[in-house]
Amino acid sequence: MNSLIILLFILGGGALLSYFAFLSKHAFGQAVVWLVAIASPVYFFTQVAVGESFSFSLGGFELALGFNHYSWVFALLIMVLSPLSLIYSTGYMKSRLRLGTFYFSFIFSIFGMMGILMSRDLVSLFIFWEIMTWASYLLVIYRGKDVEHTGIKYMIFSAVGAYSMFMAIVILNREMHSFDIATVIQNFGNMNAADQWLTGILLLIGFAVKSAVMPLHVWAPGAYTNTPTSFTAVFSGGLSKMGVYGIGLVLLNLYSHSDFSQVGIYLAWLGAITAVMATFRAVFQNDAKKLLAYSSVAQLGYIVAGIGLGTELSVFAGIYLAILHGAFKGTLFMAVGAVERQAGTTDMTKISGLIKNMPWTFFAALVAIIALAGIPPVGGFVGKWMLYEAAINSEHMFLVILIFISSTAAFLYSFRFLFGLFLGQQEEETAHIKEAPAVMVVPMILLSLFLVLMGTFPGIIFKPIAAGMAELGFQGVPWHMSVLYNMWGDSVNLTYVSITFGTVFLLGLVYITLIARKGTKHKLSTKDIHTAGEIPKPEDNLNYSLDFYKPFERVLSPLLKHKLDVYYNEFGKGLEALFNFMRRIYTGNGQTYALYVVVFLVALILLSGRIFGI
Amino acid sequence: MDDILIKILGAIATVILAFTVGMTYGGLSRKVIARIQNRIGPPWYQNFIDNAKLLFKVSNINHGFMQHVAPLWLIGMSVTTVLFIPVLNTGGDSWYNSWFPNLNFHGDLIFLLYLMVIGSLGMALGAGQTGNPNSAIGVSRGLTQMVGFEVPWVMALVALMIQYKTTSITGLMAAAEQQGTWLAFSSPFATLAALLAMPGMFRYSPFDIVGAPAELASGPVSEFGGKYLSTMMTSGSIFAFVKLTLYVDIFFGGANNLVELVIKTFILYMYPVLWGAVSPRFRTEQAVRFFWGWPVLFGIIALIQASL
């Protein structure tokens with residue numbers, strides 16, 4: 001049997017099996033989840049390869065599956081991140097209800113994502129897209145919290161995206177009589193300009209919804225926050241990248257030979273504006289998970305900006321950031337999940353000082369935050385650098401400034417996140433909190449080690465990305481194991497950075513530990529601090545956590561007054577009023593309907609002369 | 001092997017130079033401020049004495065690992081940046097010129113901007129672990145102020161990069177050499193924007209709300225003492241040298257020998273010091289609004305100039 005089908009079978013079958021297994025016995029279900037989490041990546045990395053294909057016909061449609069080098073890059077991300085999150089879930093979801101539904105939706109969404117990446121025709125792309133959307137929808141409403149708000153918002157936006165994608169596919173098929181992506185690319189130029197623009201914009205809307213580009217982002221913060229955290233890691237880290245994959249496919253593949261590719265630059269601007277606005281919102285969140293949700297939207301903004309700019313370096317940066325974002329945001333959501341499970345809340349005004357309770361979680365979160373902030377010598381820097389250089393090289397200077405504002409403001413929420421959860425005062429109420437179990441900690445640590453590795457040897461994933469770029473029309477993109485070049489030939493040598501910083505840090509560590517070693521005290525409580533002579537009692541609250549960035553809020557207050565969400569809500573309220581009016585007509589009372597029928601018949605008789613000419 | 005040895009010796013010489021110059025400037029600034037306030041003030045070498053005294057403190061206190069290693073992020077950052085920054089022009093012919101190139105050609109400006117943040121991050125984490133609310137308040141103010149001054153500063157740099165089609169410091173210095181004038185003259189608005197952003201980096205008054213001594217008990221550094229404070233002071237001195245040299249390199253034509261470097265950096269250093277000596281303190285939001293006012297306007301003009 002074809003290896004692609006077997007992979008889909010493992011995932012799809014695993015999803016169904018886990019559902020039924022959890023119905024019968026808990027341990028049985030756990031075993032199935034572990035099996036899928038181990039079997040799918042092992043099978044993927046050993047048996048599946050680029051170039052294999054499988055085609056069949058279903059209901060009159062010729063469907064084709066197979067990876068190309070471009071989709072392979074994203075498949076790598078999904079097949080590393082999802083199994084790790086699954087393993088993490090077995091710890092995180094312990095002793096929760098309806099585990100069958102949870103794991104079914106979880107694994108089924110992985111099935112959907114892998115299907116999207118395999119699809120070589122638009123019909124199967126659409127089918128898998130819907131599978132992924134519905135599976136993730138089930139997880140958004142899984143906790144039953146705030147469903148009428150968040151869940152419906154996610155569903156409406158997904159539906160808008162899906163319908164516009166569907167429309168585009170229908171129009172393309174009308175013109176080309178084929179669903180095959182390769183055929184569409186070939187014959188695209190023969191279509192008239194109006195159709196080109198229409199289908200292009202419709203497809204972009206479909207994909208932009210998932211990658212949360214403004215103004216289609218409003219569902220994301222709520223949905224990311226409400227989903228069980230172990231799936232949010234995949235939701236924000238992997239699932240959103242399907243939108244990025246699609247945008248790349250549309251802009252650089254499907255439409256690269258038409259005028260429509262000009263749209264890319266507007267998309268880049270939208271991405272940059274999304275990044276700035278979402279970052280500003282993230283800065284003022286008090287809930288760690290919500291902070292990360294807004295930050296995800298912002299980071300996706302960078303990625304879209306990179307792909308939208310459309311130069312060789314910027315697309316390279318965009319794809320690289322997409323992979324890296326998967327890794328670090330996955331880690332961060334896992335870390336927040338660990339805190340949520342151990343401490344019972346992610347509200348940064350309620351907990352603090354967990355560093356001594358959860359040192360491993362802190363380590364993983366620290367590395368991931370450094371990657372998020374784009375600080376060398378961790379991998380996130382590489383992507384940020386390439387994105388800046390690409391924008392500067394193509395002289396989009398105001399775009400650079402926007403991205404820069406966003407990423408400088410990102411330091412604010414980065415610090416807030418680490419400080420809020422792990423640093424600050426250690427209170428007695430949190431003293432009992434223990435480190436999360438190993439099944440949760442190990443995936444985080446593995447991902448964070450990957451991020452550290454990327455800081456010096458990003459070439460490891462440059463290789464597949466460069467191969468994928470060839471599919472998008474950038475042949476022979478140069479890459480080096482640990483030297484970065486921009487288009488003007490300026491470079492950064494990452495090995496020198498890591499070696500210098502590492503050496504000074506390690507020498508310093510020896511020095512600062514040894515010098516005056518006997519007089520160094522470190523077993524102090526966090527109440528034992530300089531307070532200008534006042535002695536704080538154990539019950540005194542010295543934590544600084546509310547209104548953390550008040551001065552910044554004062555600076556931005558004119559800007560933050562407007563929230564796009566409000567406009568959608570107003571629109572929704574308008575619709576609600578319309579439907580209320582409709583309900584007065586459709587009362588549900590038989591007599592009223594009878595009256596309508598009588599009125600209608602009378603009107604018909606009276607006006608029949610005019611209408612039918614009798 | 002010899003090659004590497006010479007490199008390492010050169011690096012050590014650079015760090016010692018940066019340390020000495022930075023510490024001396026710190027001492028001199030105390031003297032200058034004292035004279036403005038009609039005091040006698042400490043001698044110029046007072047900072048060396050303070051540093052040594054702190055280093056030999058017998059008892060030291062930390063609240064945990066992050067605080068223990070916080071000064072190391074700072075010193076790691078400042079030593080790494082000083083190695084990536086060209087101390088002298090390549091054109092100079094003094095006998096010591098071959099000591100200072102270090103890693104100049106292995107990193108560019110965007111990289112440096114990001115490298116410079118490591119120190120603040122480590123410092124912020126260390127200060128956070130102490131649990132002192134003043135430290136956290138100081139960090140939150142410091143980061144906010146950073147968002148303020150980075151905007152005009154980056155605008156100036158991006159303008160220069162686009163105008164001269166290079167993102168490396170050595171490239172910009174070569175461009176200045178080629179056209180025969182300092183970039184300060186050929187790109188005046190970028191220079192203005194960068195210069196107005198500069199006091200924010202040095203955190204002298206009016207931008208000293210971060211560590212406001214009487215209000216926040218020195219803010220982020222309040223829980224650091226002894227060897228920790230000494231290491232931070234060392235790092236701060238090196239980093240002051242880095243910032244000054246970076247400005248001189250980019251905008252004021254670099255320096256051909258050490259005497260020129262010292263004169264140029266000292267004049268430049270006196271600018272935030274003297275401004276600070278006669279200014280009251282800004283609140284955080286006032287500081288940010290200051291940076292987002294005229295400096296940003298100059299930055300925008302510089303960007304437009306670069307695109308013409």
Side-chain angles (χ1 to χ4, degrees), chain A residues 353 355-356 366 370 373-376 381 384-385 388-389 392 395 397-398 400-401 404-405 408-409 411-412 415 418-419 423-426 486 488 490-493 496-497 500-501 504-505 508-509 512-513 515-516 519-522 524 526-527 529-530 532 542-544 548-549 551-552 554-555, chain B residues 57-64 66 68-69 71-72 75-76 79-80 83 103 106-108 110-111 114-115 117-118 121 124-125 128-133 136-137 139-141 143-144 146-147 150-151 154-155 158 161-162 165-168 171 217 222-223 226-227 231 284-285 288-289 303 307:
Chain A
I355 178 169
K356 289 204 172 136
L366 174 66
I370 296 178
I375 298 172
F381 163 71
K384 282 270 173 68
W385 188 86
Y388 285 127
E389 300 286 335
I392 291 173
E395 311 207 347
M397 42 201 175
F398 288 102
V400 183
I401 303 299
F404 204 93
I405 292 175
T408 313
F411 296 139
L412 269 66
F415 176 71
L418 287 177
F419 177 80
L423 302 173
Q425 287 287 328
Q426 283 150 5
N486 72 7
W488 291 337
D490 304 306
S491 65
V492 172
N493 192 325
Y496 287 119
V497 186
T500 316
F501 184 77
V504 177
F505 193 91
L509 186 62
I512 212 156
T513 312
I515 194 166
T520 305
K521 287 185 212 143
H522 57 87
L524 303 165
T526 45
K527 290 282 176 339
I529 49 175
H530 172 75
L542 290 181
N543 222 12
Y544 177 55
F548 201 81
Y549 288 117
F552 196 51
R554 287 197 200 111
V555 176
Chain B
K57 282 257 182 192
V58 180
S59 78
N60 295 279
I61 283 170
N62 69 60
H63 285 82
M66 287 319 288
H68 185 61
V69 298
L72 304 180
I75 194 111
V79 169
T80 314
L83 295 184
L103 300 172
H106 299 291
D108 75 340
I110 299 282
F111 156 73
Y114 268 85
L115 192 63
V117 185
I118 303 182
L121 177 83
L125 293 176
Q129 192 177 32
T130 64
N132 192 326
I137 293 171
V139 170
S140 108
R141 291 174 176 185
L143 288 172
T144 309
M146 190 174 81
V147 178
E150 288 267 310
V151 176
V154 167
M155 280 179 158
V158 168
M161 288 183 217
I162 288 179
K165 301 268 178 294
T166 176
T167 63
S168 78
S222 62
E223 290 301 312
K227 58 186 178 186
T231 317
T284 319
E285 64 265 26
V288 175
R289 286 203 191 110
L303 283 171
S307 66

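Residue numbering restarts at 1 for every chain, and letters A, B, ... go by the order of the sequence lines.
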What about A:Phe548 and A:Tyr544, are their ring centers closer than 6.0 Å? yes
Counting heavy-atom pairs under 4.5 Å with chain B, which one of A:Val504, A:Leu366, A:Leu542, A:Leu423 comes out on top? A:Leu423
Flag the one option from B:Asp108, B:Val139, B:Leu115 with the top tally of heavy-atom pairs under 4.5 Å to chain A. B:Asp108
Go through the atoms of B:Ile75 and report whether side chain, backbone, both or neither lie under 4.5 Å from a heavy atom of chain A. both
When the 4.5 angstrom heavy-atom criterion is applied to A:Phe381 and chain B, the contacting part is side chain
Main chain of B:Asn60, side chain of B:Lys227: is a donor-acceptor contact present, judged purely on distance under 3.5 Å? no
Pick from B:Ser307, B:Ser140, B:Ser59, B:Gly76: which one has the most heavy-atom pairs with chain A under 4.5 Å? B:Ser140
Chain A: which of B:Ile137, B:Leu121, B:Val151, B:Val288 shares the most heavy-atom pairs with it under 4.5 Å? B:Ile137
Does any backbone or side-chain atom of A:Asn543 lie under 4.5 Å from a heavy atom of chain B? Answer side chain, backbone, both or neither. neither
The reported gap from CD1 in A:Ile401 to CD in B:Glu150 (rounded to nearest 0.5 angstrom) is 11.0 Å
Which atoms of A:Glu389 come close to chain B, meaning under 4.5 Å heavy atom to heavy atom: side chain ones, backbone ones, both, or neither? side chain
Does any backbone or side-chain atom of B:Ile162 lie under 4.5 Å from a heavy atom of chain A? Answer side chain, backbone, both or neither. both
Which portion of B:Val158 sits near chain A, non-hydrogen atoms under 4.5 angstrom: side chain
Measure distances from A:Ile512 to the heavy atoms of chain B and classify the residue's part below 4.5 Å as side chain, backbone, both or neither. both
Go through it in stages, so that I can follow the logic: the residues are A:Asn486 and A:Trp385, the test is side-chain contact (heavy atoms from CB on, under 4.5 Å), and I'd like the CA-CA distance, side-chain angles, deciding distance and then a yes or no. CA-CA 9 Å; A:Asn486 72 7; A:Trp385 188 86; 4.0 Å; yes
Okay, B:Glu223 and chain A: the region with an atom under 4.5 Å from a heavy atom over there is side chain
Side chain, backbone, both or neither: which part of A:Phe419 has a heavy atom under 4.5 Å from chain B? side chain
Taking every heavy-atom pair that is under 4.5 Å apart, which of A:Gly353, A:Gly374, A:Ala409 has the most such pairs with chain B? A:Gly374
Name the region of A:Ile392, side chain, backbone, both or neither, that has any atom closer than 4.5 Å to a heavy atom of chain B. both
Working to the nearest 0.5 angstrom, can you tell me the gap between B:Leu143 CG and A:Phe415 CZ? 7.0 Å
Interface moiety of A:Phe552 toward chain B, non-hydrogen atoms closer than 4.5 Å: both
Can you give me the closest heavy-atom contact between A:Phe404 and B:Val154, atom names plus distance? CE2-CG2, 3.1 Å
In terms of heavy-atom pairs under 4.5 Å with chain A, which of B:Met66, B:Met146, B:His68, B:Lys57 leads? B:His68
Could you tell me the separation between the CD atom of A:Gln425 and the CD atom of B:Gln129, rounded to the nearest 0.5 Å? 11.5 Å
More than 12 heavy atoms from other groups under 6.0 Å of NZ on A:Lys356: yes
Might you work through the side-chain contact (heavy atoms from CB on, under 4.5 Å) test for B:Leu83 and A:Tyr496, ending with a clear yes or no? CA-CA 10 Å; B:Leu83 295 184; A:Tyr496 287 119; over 6 Å; no
Side chain from CB out, backbone as N, CA, C, O: work out which of these in A:Val555 comes under 4.5 Å of a heavy atom of chain B, or both, or neither. both
Are any of the side-chain heavy atoms of A:Ile529 and B:Pro133 separated by less than 4.5 Å? yes
B:Thr231 versus chain A, heavy atoms under 4.5 Å apart: side chain, backbone, both or neither? side chain
By a 4.5 Å heavy-atom criterion (distance strictly below it), what part of A:Tyr388 contacts chain B: side chain, backbone, both, or neither? side chain
Kindly check if the number of other-residue, nucleotide or ligand heavy atoms within 6.0 Å of OH (B:Tyr114) is above 12? yes
Let's go through B:His63 and A:Ile355 carefully: what are the C-alpha distance in whole Å and the side-chain angles of both, what is the deciding distance for side-chain contact (heavy atoms from CB on, under 4.5 Å) to 0.1 Å, and is it a yes or a no? CA-CA 11 Å; B:His63 285 82; A:Ile355 178 169; over 6 Å; no
